[in-house]
Amino acid sequence: MEGYRFILDGLCLSLCVWFVGCHPDLRELISKRGRNKEGKIRLVGGRTEYQGRLEVFHDGRWGTVCDDNFDRFSARVVCRQLGHSGGKVTEFASGMYGPGEGPTWMDNVSCEGGETRLVDCNFPGWEIEDCSHFEDVGIKCDRVEEGKLRLTGGATPLQGRLEIVHDERWGSVCDDGWTQVNSRVVCSQLGYSGGTVYEASDGSGTGPIWMDDVACRGDEDSLMDCNFPGWKLEDCSHFEDLMIACDPLEEGTVRLVSGQNEQEGRVEIVHNGKWGTICDDDFDENDAQVVCRQLGYSGGSVAREAAFGRGKGPIWMDQVTCSGNEQRLTECEYPGWRQEDCSHWEDVGVVCIPVLTVPEEEEDRNEVESNNSPI
């Protein structure tokens with residue numbers, strides 16, 4: 001559908017320029033659509049949307065990516081940008097998905113694995129390559145889990161059209177009855193903060209409209225935990241697709257994930273706007289105390305060897321050394337962001353101790369007794 005839209009846009013712009021002329025606003029709208037596609041990627045020739053020959057959009061054209069030095073970290077970035085999970089390089093991709101046509105836009109791509117878009121990775125430059133289309137790289141992603149969210153079509157990863165996965169398909173969400181509380185649940189699930197609705201001239205999606213009349217309390221972990229009539233029970237058009245803008249998280253923010261309660265879990269920390277884990281090498285009780293204090297608790301203990309499950313994404317910190325008096329984990333000593341030699345089997349967790357609070361009645365009683373005691 002997007003390919004047809006781009007072809008039609010190109011024909012329309014050509015007609016405007018060469019034959020009948022067009023209003024400047026129309027020309028700008030068509031050109032803007034092309035600019036917004038810069039750096040987009042797609043998988044072509046596969047049996048499902050989760051696999052295929054990798055193609056990237058640059059300078060108004062789709063082109064392929066060479067497989068030279070393309071590794072699993074780069075594959076994960078591709079799958080993340082497409083809204084999928086996992087990511088593996090397919091061997092003999094040209095035989096499975098067919099060789100591509102047109103330019104080979106990228107070669108010798110090198111990703112760290114935490115990038116949001118493939119074009120954020122290092123590569124020599126557009127069309128700087130020594131490849132044939134028999135070296136076009138192929139990618140196989142994992143199917144996404146039910147209820148996963150993404151923001152697409154926005155100027156930054158923190159904003160865009162809200163889409164959710166149901167029955168292994170991405171679909172949009174209608175804005176009927178939408179509230180600020182709903183937006184906060186969305187941004188929290190995506191790992192951000194805040195959450196506001198905004199309007200965009202070219203924000204309409206395609207495919208199913210999965211949700212309508214959504215009503216959240218505000219404490220849900222996932223949008224699909226909120227009340228709504230049911231999947232695809234809606235009376236909307238894509239002109240009512242929701243556009244959401246989230247706020248970036250503060251650098252060094254920590255959270256606990258996958259515990260039985262909010263006082264325990266795998267420790268994750270924000271760096272460069274992205275959540276990542278912490279390796280348990282040399283992580284001791286002093287370090288746990290700092291994590292728990294930063295979260296508002298009085299103390300805590302360490303849980304090693306992925307006691308609360310293995311995380312995903314970058315391992316941001318390793319060999320953390322705290323004195324125990326720091327207010328934030330980033331104030332402790334550590335080699336540097338992502339300076340580590342760990343796997344997610346070593347993700348550290350903590351169990352925090354809640355702050356003891358004295359009931360108000362007991363406080364009043366103690367105050368009276370103190371006032372009545374002899375001097």
Side-chain angles (χ1 to χ4, degrees), residues 83 144-154 156-166 170-200 203 205 209-236 240-270 273-276 291-298 308-309 311-313 349-352 354-355 357 360:
V144 288
E145 69 264 22
E146 182 81 356
K148 185 173 182 178
L149 302 181
R150 69 181 180 186
L151 300 178
T152 184
T156 73
L158 277 70
Q159 64 184 63
R161 181 177 60 256
L162 174 62
E163 295 187 348
I164 187 169
V165 172
H166 172 59
W170 286 102
S172 56
V173 180
C174 184
D175 62 9
D176 290 349
W178 192 263
T179 67
Q180 188 77 22
V181 173
N182 297 357
S183 297
R184 288 199 294 269
V185 171
V186 166
C187 292
S188 176
Q189 182 178 344
L190 288 168
Y192 305 127
S193 63
T196 56
V197 175
Y198 73 98
E199 295 184 2
I209 300 173
W210 282 133
M211 302 177 79
D212 188 18
D213 295 314
V214 180
C216 302
R217 298 183 308 273
D219 59 352
E220 295 89 351
D221 294 323
S222 170
L223 185 66
M224 67 177 185
D225 294 335
C226 301
N227 288 321
F228 65 103
W231 298 108
K232 213 173 182 181
L233 296 178
E234 46 83 19
D235 55 356
C236 305
E240 299 171 85
D241 287 346
L242 269 164
M243 304 292 288
I244 300 291
C246 302
D247 298 327
L249 288 162
E250 181 184 355
E251 180 80 359
T253 298
V254 295
R255 68 180 180 185
L256 303 182
V257 179
S258 299
Q260 292 185 343
N261 55 60
E262 61 183 11
Q263 298 160 20
E264 64 179 29
R266 181 176 63 252
V267 182
E268 296 190 350
I269 188 166
V270 172
K274 183 176 179 61
W275 287 103
V291 169
C292 293
R293 183 183 301 114
Q294 183 173 342
L295 290 168
Y297 300 114
S298 61
F308 295 102
K312 296 180 180 180
V350 299
V351 178
C352 297
V355 177
T357 56
E360 189 175 337

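Note that the structure is a prediction, hence the values are computed from the model and not measured. Heads up: numbering here begins at 1 and tracks the sequence. Keep in mind that the numbers below use all heavy atoms, side chains included, and drop hydrogens, waters and symmetry copies.
Rounded to the nearest 0.5 Å, atoms SG (C174) and CG (L162) are 11.5 Å apart. To the nearest 0.5 Å, atoms CG (D241) and SG (C236) are separated by 8.5 Å. Taking CZ of F308 as the reference point, atom CG of L256 lies at 8.0 Å (rounded to 0.5 Å). Rounding to the nearest 0.5 Å gives a distance of 15.0 Å between CG of L223 and NZ of K148. Rounding to the nearest 0.5 Å places OG of S172 at 10.0 Å from CD of E240. Interatomic distance, M211 CE to F228 CZ, rounded to the nearest 0.5 Å: 4.0 Å.
For R150, the side-chain hydrogen bond (donor to acceptor under 3.5 Å, both in side chains) partners at least two apart in sequence or on another chain are E163.
When the shell of 6.0 Å around CG of D219 is examined, it contains more than 12 heavy atoms from other residues, nucleotides or ligands. Within 6.0 Å of NZ in K274 there are more than 12 heavy atoms belonging to other residues, nucleotides or ligands.
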**Message:** Between D225 and S222, does the side chain to side chain donor-acceptor pair (under 3.5 Å) criterion hold? Intermediate values first, please.
**Reply:** CA-CA 5 Å; D225 294 335; S222 170; 4.5 Å; no
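Only one option out of E262, R266, Q260 pairs with E264 in a side chain to side chain contact (heavy atoms under 4.5 Å, CB included); it is Q260.
The two atoms that bring R255 and L295 nearest to each other are CA-CD2, 4.3 Å, heavy atoms only. Minimum interatomic distance between W170 and W210 (heavy atoms only, all atoms of both residues): C-NE1, 3.7 Å. Contact detail for A245 and C187: the closest heavy-atom pair is O-SG, 4.2 Å. Smallest separation of non-hydrogen atoms from V181 and C216: CG1-O, 3.5 Å. The minimum heavy-atom distance linking C246 with Y192 is given by the pair CB-CB, 3.6 Å.
Residues V186 and N182 fail the side-chain proximity criterion, which asks for heavy atoms closer than 4.5 Å. Side-chain contact check for L151 versus P157: every heavy-atom pair is 4.5 Å or farther apart. In this structure, the side chains of W178 and V173 come closer than 4.5 Å at one or more pairs of heavy atoms. Side-chain contact between T253 and I269 is absent, with no heavy-atom pair separated by less than 4.5 Å. In this structure the side chain of T196 never reaches within 4.5 angstrom of the side chain of I244, judged on heavy atoms. Side-chain contact check for M224 versus E146: some heavy-atom pair is nearer than 4.5 Å. Between P248 and L158, the closest side-chain pair of non-hydrogen atoms falls below 4.5 Å.
In this structure a side-chain-to-backbone donor-acceptor pair under 3.5 Å is missing from Q180 to G194. Judged by distance alone, the side chain of Q189 and the main-chain N or O of G147 form a donor-acceptor pair under 3.5 Å. At least one donor-acceptor pair under 3.5 Å links the side chain of E220 to the backbone N or O of G218. At least one donor-acceptor pair under 3.5 Å links the side chain of Y198 to the backbone N or O of G160. Looking at D212, its side chain never comes within 3.5 Å of a backbone N or O of K232 through a donor-acceptor pair.
Ring orientation note: the planes of W231 and H166 are close to parallel, at an angle under 30° on the 30°/60° scale.
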